[in-house]
Amino acid sequence: QVQLVESGGGLVQPGGSLRLSCQASGSIYSIYAMAWYRQAPGKQRELVAIINSGGSTRYADSVKGRFTISRDNAKNIVYLQMKRLKPEDTAVYFCNADLSVLSGLRRNYWGQGTQVTVSS
C-alpha cells in the first residue's frame with residue numbers, strides 16, 4: 001500500500017523555472033532510490049534524474065546543469081528543481097521510487113504523472 005503523489009507541474013515560459021515534488025506514503029520500510037522520468041509525445045519514457053539512499057545523483061545529459069534532484073528523507077519527498085527550461089523539456093513527468101514495504105517486498109512504484117509545458 002504505497003502511493004506517490006506529485007505536485008508542481010504546469011505551464012512556464014522558456015527560461016523559466018519550476019519545482020516538482022513527489023511524496024511517497026504508505027507502509028514503507030526503506031526507500032533505496034527516487035527518480036524522475038519524463039515522456040514527451042511520441043517518445044519513450046526517459047530517466048531525467050535519480051537520487052539514491054546515500055544522496056548520490058545522476059542526470060540525463062540534456063538536463064545537466066539545469067535540473068537538480070534532492071530529497072527530504074524525513075518526509076519521503078523527492079524534488080526536481082528545473083531551471084532555464086526549454087520547450088524540449090515539455091513532457092509528462094513521472095516520479096518513481098525503488099523501495100521496500102514492511103513485508104520485505106522490494107519493487108518500483110510510479111506516480112500518476114504531471115504535465116510540464118514550456119511555451120511562450
Side-chain angles (χ1 to χ4, degrees):
Q1 192 81 314
V2 174
Q3 290 183 315
L4 303 182
V5 180
E6 301 172 333
S7 62
L11 175 65
V12 65
Q13 294 188 155
S17 299
L18 208 60
R19 189 176 79 157
L20 305 182
S21 301
C22 173
Q23 181 166 20
S25 62
S27 301
I28 300 169
Y29 179 76
S30 182
I31 298 179
Y32 303 99
M34 298 188 77
W36 289 97
Y37 289 74
R38 68 185 182 188
Q39 187 166 23
K43 295 190 175 184
Q44 291 189 317
R45 190 172 300 183
E46 65 174 348
L47 177 66
V48 177
I50 187 167
I51 184 167
N52 68 17
S53 59
S56 297
T57 60
R58 69 174 189 266
Y59 299 88
D61 288 342
S62 59
V63 307
K64 286 180 180 177
R66 299 188 297 119
F67 290 11
T68 302
I69 188 170
S70 61
R71 65 182 184 178
D72 183 333
N73 290 334
K75 298 180 179 180
N76 290 334
I77 298 175
V78 63
Y79 303 96
L80 185 67
Q81 179 66 59
M82 305 183 291
K83 297 181 178 180
R84 303 194 305 280
L85 283 160
K86 305 175 180 179
E88 305 94 276
D89 296 318
T90 296
V92 178
Y93 284 70
F94 296 90
C95 178
N96 174 270
D98 173 13
L99 59 82
S100 60
V101 295
L102 297 182
S103 68
L105 177 65
R106 178 177 175 178
R107 56 158 286 185
N108 283 330
Y109 291 84
W110 291 91
Q112 77 287 348
T114 185
Q115 178 70 46
V116 172
T117 302
V118 185
S119 177
S120 57

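- When hydrophobic clusters are built by joining Ile, Leu, Val, Met, Phe, Trp and Tyr residues whose side-chain heavy atoms come closer than 4.5 Å, directly or via intermediates, I51 is grouped together with Y93.
- One hydrophobic cluster, built from ILVMFWY side chains closer than 4.5 Å, holds both L4 and L105.
- The backbone N or O of I69 lies less than 3.5 Å from a partner atom in the side chain of Y59, making a donor-acceptor pair.
- Judged by a 6.0 Å distance limit and a 45° cone about the ring axis, R106 is positioned over the six-membered ring of Y32.
- R19 places no side-chain N or O within 3.5 Å of a backbone atom of G9 that could act as its donor or acceptor partner.
- Looking only at side-chain heavy atoms (C-beta outward), P14 and P87 come within less than 4.5 Å of each other.
- Summarising the geometry, atom CZ belonging to R38 is positioned 14.0 Å from atom CD belonging to Q44; distances are rounded to the nearest 0.5 Å.
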For a side chain to side chain donor-acceptor pair (under 3.5 Å) check, start with the C-alpha distance between R71 and S53, then their side-chain angles and the critical distance, and finish with the verdict. CA-CA 9 Å; R71 65 182 184 178; S53 59; 5.3 Å; no

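- The backbone N or O of G111 lies less than 3.5 Å from no partner atom in the side chain of E6, so there is not a single donor-acceptor pair.
- The two residues V78 and C95 have their closest heavy-atom pair at CG1-SG, 3.8 Å.
- Between the CD atom of Q1 and the OG atom of S25 there is a distance of 9.0 Å, given to the nearest 0.5 Å.
- Atom CH2 of residue W36 and atom OH of residue Y79 lie 10.5 Å apart, to the nearest 0.5 angstrom.
- Residues L99 and Y37 do not share a hydrophobic cluster, defined by chaining ILVMFWY side chains whose heavy atoms lie under 4.5 Å apart.
- Annotation: cation-pi geometry satisfied between R45 and F94 (NZ/CZ under 6.0 angstrom from ring centroid, within 45° of ring axis).
- Minimum interatomic distance between V63 and V48 (heavy atoms only, all atoms of both residues): CG2-O, 3.7 Å.
- Remark: L18 CG to F67 CZ distance equals 9.0 Å, nearest 0.5 Å.
- Residues N96 and Y109 are not in side-chain contact: their nearest non-hydrogen atoms beyond the backbone lie 4.5 Å or more apart.
- What you find for T90 and A40 is that their closest heavy atoms are O-CB, 3.7 Å.
- Across all non-hydrogen atoms, the minimal contact from G65 to R84 is O-NH2, 2.8 Å.
- I31 places none of its side-chain heavy atoms less than 4.5 Å from the side chain of D98.
- Atom CD1 of I77 sits about 8.0 Å away from atom OG of S7, to the nearest 0.5 Å.
- Q3 CD to I28 CD1: the interatomic distance, rounded to the nearest 0.5 Å, is 10.0 Å.
- When side chains are defined from C-beta on, T68 does not count as touching L80, because their heavy atoms never get closer than 4.5 Å.
- The shortest side-chain heavy-atom distance between I50 and L47 falls under the 4.5 Å cut-off.
- Using a cut-off of 4.0 Å between Lys/Arg side-chain N and Asp/Glu carboxylate O, K86 and D89 are scored as not salt-bridged.
- Looking at every heavy atom in both residues, Q81 comes nearest to S17 through NE2-CB, 4.1 Å.
- Taking the side chain as every heavy atom from C-beta outward, V12 and T117 never approach each other to under 4.5 Å.
- The hydrophobic cluster containing V118 also contains L20, counting ILVMFWY residues as joined when their side-chain heavy atoms lie under 4.5 angstrom apart, directly or transitively.
- Between the side chain of Q23 and the backbone N or O of V5, no donor-acceptor pair lies under 3.5 Å.
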